[in-house]
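Remarks on the structure that follows.
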Amino acid sequence: MTTRPGPRLMEHDLDHRGEMAASDVQVWTGIVGTFVTVGVSVLGVLNFQRKRDRSAAVGAAFRDVVESLASDNTTQQMAAAILMRRFFDHNSEQGAGRTPYANEAIAVIAGLLRESPTGQIQKVLADGLRYAPSLSRADLQGCNLARAYLGNREGDRKVVDLTHADLFEADLTGASLRGVTASGAVFYRATLVNAVLVDADLTRADFREARLTGARFRGARLDGAQFSGATDIPADVARRLDPAGNAVSEEHA
C-alpha cells in the first residue's frame, strides 16, 4: 500500500529545492566572476607584453636606422636619412603612438649635421627636422642646415616650432624658415646668407654677429630681436633698430 507524502513532507522538498537553486546561482556567480577577473588579468598582461614588445621593436628599428646612417654605402645612408622621419610620425609603426624616439632622432640628426658637408644626404637630414613634433629648445648649435626647408608650406597647418632653439654658429645659407615660430631663438654668429625668414615670429630672437647678406625678413615679427654686431643687415630691418641694435615695433620705427 502506497502512502502519499503529507503536506509537511512536500513543503520540506520544495524548500530543499529552493535552497539548491539559490546555492547553484551563488556557485555560478562565483565562477563567472572568477572568469571575468582572470580574463581581465590576462588581457592586462597581454596588453603589457604587446606594449613592451612594441617598444622593443621600435628601439631595435631605431638602432638599425642609426647604424645605416653610419654606413659607407651612400644609398643606404640616404634611405636611413629618409626613414629617420618615421620616428616623428605618431601614425607610423616607428612612432608607436607617442613618438618615443623623437628626441633621440633630433639629437642624432643634429650630431650628423655638425659633421656633414653640404650635399644631398645633408639636405635630407636637415629637411627631416621639419617633421619633428617640436624643435623648441632644440640644440642645433653648429649644424649645417644649408638649403634646409624648415618653413611652412602653403596649405599646411603645421607650424615649425623653433621657440628658444639654439642655432649658435649654425649654417642656414639659403635655408627657408618661412612662417616658423622662433621666438627667443638664438642665431648668434649664425650664417643666414640668402635665408628666407618671411612671416616668421622672431620676437626676442638673437641675431648678434650673424651674417645676414641677402636674408629676407618681409612680414616677420621682430619686436625685441637683437642685431648688434650683425653684418649686412637688410634695410627694412635696419630702419627698425634702436642705437643698441634692438628691433622696435613697426609703429615706433
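Nothing fancy with the numbering, it's 1 onward along the sequence.
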For residues [X] and [Y], determine if any side-chain heavy atom of one lies less than 4.5 Å from a side-chain heavy atom of the other.
{"X": "Leu150", "Y": "Ser176", "value": "no"}
{"X": "Arg218", "Y": "Arg178", "value": "yes"}
{"X": "Leu212", "Y": "Thr231", "value": "no"}
{"X": "Leu129", "Y": "Leu113", "value": "yes"}
{"X": "Asp223", "Y": "Arg240", "value": "yes"}
{"X": "Leu241", "Y": "Val248", "value": "no"}
{"X": "Met78", "Y": "Val124", "value": "yes"}

Begin from the C-alpha positions of Met84 and Phe62 and carry the test side-chain contact (heavy atoms from CB on, under 4.5 Å) through to its verdict.
CA-CA 8 Å; Met84 187 64 79; Phe62 185 76; 4.0 Å; yes
Strictly below 4.0 Å, N to O, side chains only: are Asp127 and Arg147 in salt-bridge contact?
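The answer is no: the pair does not qualify as a salt bridge.
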Inspect the contact between Asp139 and Arg114 and indicate whether a charged nitrogen and a carboxylate oxygen are less than 4.0 angstrom apart.
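Salt bridge present between Arg114 and Asp139.
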Counting distance only, does the side-chain N/O of [X] pair as donor-acceptor with the main-chain N or O of [Y] below 3.5 Å?
{"X": "Gln122", "Y": "Ala146", "value": "yes"}
{"X": "Glu209", "Y": "Gly229", "value": "no"}
{"X": "Ser136", "Y": "Leu162", "value": "no"}

If only side-chain N and O atoms count, and only distance matters, is there a donor-acceptor pair under 3.5 Å linking [Y] with [X]?
{"X": "Gln226", "Y": "Asp206", "result": "no"}
{"X": "Thr173", "Y": "Asn194", "result": "no"}
{"X": "Ser71", "Y": "Gln76", "result": "yes"}

Minimum heavy-atom separation for [X] to [Y], with atom names?
{"X": "Ala105", "Y": "Phe88", "answer": "CB-CE2, 3.6 Å"}
{"X": "Arg130", "Y": "Lys158", "answer": "O-CE, 2.6 Å"}
{"X": "Ala175", "Y": "Leu145", "answer": "CB-O, 3.6 Å"}
{"X": "Cys143", "Y": "Ala110", "answer": "SG-O, 3.5 Å"}
{"X": "Thr203", "Y": "Asp201", "answer": "OG1-OD1, 2.9 Å"}
{"X": "Leu197", "Y": "Ala215", "answer": "CD1-CB, 4.4 Å"}

Tell me whether [X] shares a hydrophobic cluster with [Y], the cluster being built from Ile, Leu, Val, Met, Phe, Trp, Tyr side chains joined at under 4.5 Å.
{"X": "Leu125", "Y": "Tyr101", "result": "yes"}
{"X": "Leu140", "Y": "Tyr149", "result": "no"}
{"X": "Leu135", "Y": "Val196", "result": "no"}
{"X": "Val198", "Y": "Leu192", "result": "no"}
{"X": "Phe217", "Y": "Val186", "result": "no"}

How many angstroms lie between [atom1] in [X] and [atom2] in [Y], if you round to the nearest 0.5 Å?
{"X": "Arg189", "Y": "Leu167", "atom1": "CZ", "atom2": "CG", "answer": "14.5 Å"}
{"X": "Ile109", "Y": "Arg85", "atom1": "CD1", "atom2": "CZ", "answer": "8.5 Å"}
{"X": "Thr75", "Y": "Gln77", "atom1": "OG1", "atom2": "CD", "answer": "9.5 Å"}
{"X": "Ser134", "Y": "Asp161", "atom1": "OG", "atom2": "CG", "answer": "4.0 Å"}

Show the numbers, then the answer: is there a side-chain contact (heavy atoms from CB on, under 4.5 Å) between Val108 and Leu69?
CA-CA 10 Å; Val108 168; Leu69 284 169; 4.2 Å; yes
Start with the C-alpha gap between Ser183 and Arg204, add the side-chain angles, then the distance that decides, and say whether side-chain hydrogen bond (donor to acceptor under 3.5 Å, both in side chains) holds.
CA-CA 6 Å; Ser183 177; Arg204 301 181 301 283; 2.9 Å; yes
Sequence-distant partners of Phe168, ring-ring contact (aromatic ring centres under 6.0 Å, His included), two or more places apart
Tyr188
Does the plane of the ring in Phe207 sit parallel, tilted or perpendicular to the ring in Phe227? Use 30° and 60° as the thresholds.
parallel
